[in-house]
*Asks:* 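Shown below is the structure under consideration.
We use all heavy atoms of the structure for the numbers below, so side chains are in, but hydrogens, waters and symmetry mates are not.
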Amino acid sequence: MDQPVVPALIPAVMALVGLIAGLVAPMIAGSGESRRRRREDQRARCDEILGLFEDISVYRALTESESAVRRRLVLSAARLKDQAAREACLSLANAVARSDANEEDILRQWTVMIREVSRVYRSHL
């Protein structure tokens, strides 16, 4: 009865700490990997949207009645997590779809869309 109880508990406590660390480590690593994948996905979506506007004839393609470019813009925008960027893309798609849209309105919406999508792209680098 002369021996203290505390030194006998140290190996048991250390084993318990090691067990907890071993169980928690994969969750921490998995959340980091998941965050990285989400960032890459959002950056790819932004790149996809910005890539639609590399060609100078995009204005004509956007204003066609059955525009594949406009459809791709809407579909890519739907997968963006950033609400301001998503709404900017949808506003541009709506602006070019209107029959009474003028070039000034479309240019204003395009500028907002490019600014918002570029902001999201830069924030996910």
*Asks:* Salt bridge check, R72 against E48: does any charged N sit closer than 4.0 Å to a carboxylate O?
*Replies:*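 Not counted as a salt bridge, because no side-chain N and carboxylate O are separated by less than 4.0 Å.
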*Asks:* Would you tell me whether T111 and R115 have side-chain atoms, one donor and one acceptor, within less than 3.5 Å of each other?
*Replies:*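 No.
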*Asks:* For the side chain of R79 and the backbone of R45, is there at least one donor-acceptor N/O pair under 3.5 Å apart?
*Replies:*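 No; judged by distance alone, with no hydrogens or angles, the pair does not exist.
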*Asks:* Report the C-alpha distance between E33 and R36 in whole Å, list the side-chain angles of each, state the deciding distance to 0.1 Å, and finish with yes or no for salt bridge (charged side-chain N to carboxylate O under 4.0 Å, His left out).
*Replies:* CA-CA 5 Å; E33 180 66 22; R36 185 186 62 77; 2.2 Å; yes
*Asks:* Hydrophobic side-chain clustering at under 4.5 Å (ILVMFWY, transitive links): who's grouped with V74? Put none if nobody.
*Replies:*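 Answer for V74: L90.
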*Asks:* Please report the interatomic distance CG(L80) to SG(C89), rounded to the nearest 0.5 Å.
*Replies:*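 Going from CG on L80 over to SG on C89, the span is 5.5 Å.
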*Asks:* Roughly how far, to the nearest 0.5 Å, is CG of D47 from OH of Y121?
*Replies:*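 The CG atom of D47 is 5.0 Å from OH of Y121, to the nearest 0.5 Å.
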*Asks:* Can you check whether K81's main-chain N or O pairs, donor with acceptor, with Q42's side chain at less than 3.5 Å?
*Replies:*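 Judged by distance alone, yes, a pair lies under 3.5 Å.
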*Asks:* If I compare all heavy atoms of E116 with all of A84, which pair ends up nearest, and what's the gap?
*Replies:*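 Between these two residues, the closest heavy atoms are OE1-CB, 3.5 Å.
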*Asks:* Taking side chain as C-beta onward, heavy atoms only, is V112 less than 4.5 Å from S91?
*Replies:*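 No, every pair of side-chain atoms sits at 4.5 Å or beyond.
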*Asks:* Rounded to the nearest 0.5 Å, what separates atom CD1 in I114 from atom CD1 in I49?
*Replies:*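 The CD1 atom of I114 sits 9.0 Å away from the CD1 atom of I49.
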*Asks:* Honestly curious: do I20 and M27 fall in one hydrophobic cluster under the side-chain, below-4.5 Å linking rule?
*Replies:*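 Same cluster.
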*Asks:* Passes side-chain contact (heavy atoms from CB on, under 4.5 Å), L62 versus F53? Steps please.
*Replies:* CA-CA 10 Å; L62 277 172; F53 299 97; 3.6 Å; yes
*Asks:* State, to 0.1 Å, how close R39 and S123 come at their nearest heavy-atom pair, and which atoms those are.
*Replies:*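 Reported closest heavy-atom pair: NH2-O, 3.3 Å.
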*Asks:* With a 4.5 Å heavy-atom cut-off, do R122 and R119 have their side chains touching?
*Replies:*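 The answer is yes; the side chains approach within 4.5 Å.
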*Asks:* Would R38 and D41 pass as an ion pair if we require N to O under 4.0 Å?
*Replies:*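 Salt bridge between R38 and D41, a charged N being under 4.0 Å from a carboxylate O: no.
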*Asks:* With rounding to the nearest 0.5 angstrom, report the CZ to CG distance, R70 to N94.
*Replies:*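 R70 CZ to N94 CG: 9.0 Å, rounded to 0.5 Å.
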*Asks:* Please answer: with hydrophobic residues joined when any side-chain heavy atoms are less than 4.5 Å apart, are V120 and W110 in the same cluster?
*Replies:*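 In one cluster: no.
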*Asks:* Within the structure provided, determine whether N102 and I106 are in side-chain contact (heavy-atom separation under 4.5 Å).
*Replies:*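 The answer is no, as the side chains (C-beta and beyond) never meet within the 4.5 Å cut-off.
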*Asks:* Return the CG to CG distance between L92 and L107, rounded to the nearest 0.5 Å.
*Replies:*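 Here the rounded value is 10.0 Å.
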*Asks:* Distance check, rounded to the nearest 0.5 Å: S67 atom OG versus L73 atom CG?
*Replies:*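 If I round to the nearest 0.5 Å, the distance is 9.0 Å.
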